[in-house]
Amino acid sequence: AQSVTQPDIHITVSEGASLELRCNYSYGATPYLFWYVQSPGQGLQLLLKYFSGDTLVQGIKGFEAEFKRSQSSFNLRKPSVHWSDAAEYFCAVARPLNRDDKIIFGKGTRLHILP
Amino acid sequence: EAQVTQNPRYLITVTGKKLTVTCSQNMNHEYMSWYRQDPGLGLRQIYYSMNVEVTDKGDVPEGYKVSRKEKRNFPLILESPSPNQTSLYFCASSPRGTDQPQHFGDGTRLSIL
């Protein structure tokens, strides 16, 4: 069973508009949660992470994400996107109470920016 | 500079010809892993290693081997490559394990004809 779902394969927003990318997970406890960004032809770069504590976490490049336990979600937001934000975004989950040390990635959301 | 280095970056080869993709990190990280990235499927973990001489299967280990003889190196071996292993491969490392962010290499694009 898939542990991480990113429902939107592609999202298009205008430059300057706000952005929200969705991520849902299935796990009985609080997982370790990550958002990564992949620019074309490059590896993945960490945007932010959540392990515990304050459910609103700040990341690099003006991104933030909110952990909502009741909805099993960890959505990524940015108040105003820039053309350079066009990339693919991946949500990832690690499950600390499982016996394995696997990391599960979502299938990704590709963000397109309209000028 | 802290980095994860993969070689080669690009490789075109033929079915059945053994190949190795090397991965090296200079951060003294204990956890290393390999992923493959395919369109529409995201990243899927192939193998991971918590430390020297400790390796475990990820979600898609079939057709791959790994070894961890030294902390810094984690090569991915395709003993008999097949066309369905054509993909973009990433190596990653983290200081201790899955509770820490992964540092990714720049990727290796493999084409198996």
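Residue numbers start from 1 in every chain, and the chains themselves are labelled A, B, ... in the order their sequence lines are given, proteins ahead of strands. Only a predicted model underlies this, so the values are computations on that prediction, with no experimental measurement involved.
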Gln100(B) versus chain A, the contacting section by heavy-atom distance below 4.5 Å: backbone
Phe34(A) and Phe51(A) aromatic centres sub-6.0 Å: yes
Contacting region of Leu46(A) [heavy-atom separation from chain B under 4.5 Å]: side chain
Under 4.5 Å from any heavy atom of chain B - which part of Lys49(A): side chain
Expected output: side-chain Gln45(B) to main-chain Ile103(A) donor-acceptor under 3.5 Å: yes
Gln38(A), part contacting chain B, at a heavy-atom distance under 4.5 Å: side chain
Which of Asp38(B), Leu43(B), Asp59(B) touches chain A most, by non-hydrogen pairs under 4.5 Å: Leu43(B)
Modelled atom types, side-chain donor and acceptor of Asn73(B) and Ser24(B), under 3.5 Å: yes
Tyr89(A)/Phe63(A) aromatic ring centres below 6.0 Å: yes
Which portion of Arg9(B) sits near chain A, non-hydrogen atoms under 4.5 angstrom: side chain
Distance-only polar pair, side chains of Tyr35(B) and Ser33(B), donor-acceptor under 3.5 Å: yes
Region of Asp99(B) in contact with chain A, defined by heavy-atom distances below 4.5 Å: both
Short side-chain to backbone donor-acceptor contact, Arg69(A) and Ser72(A), under 3.5 Å: no
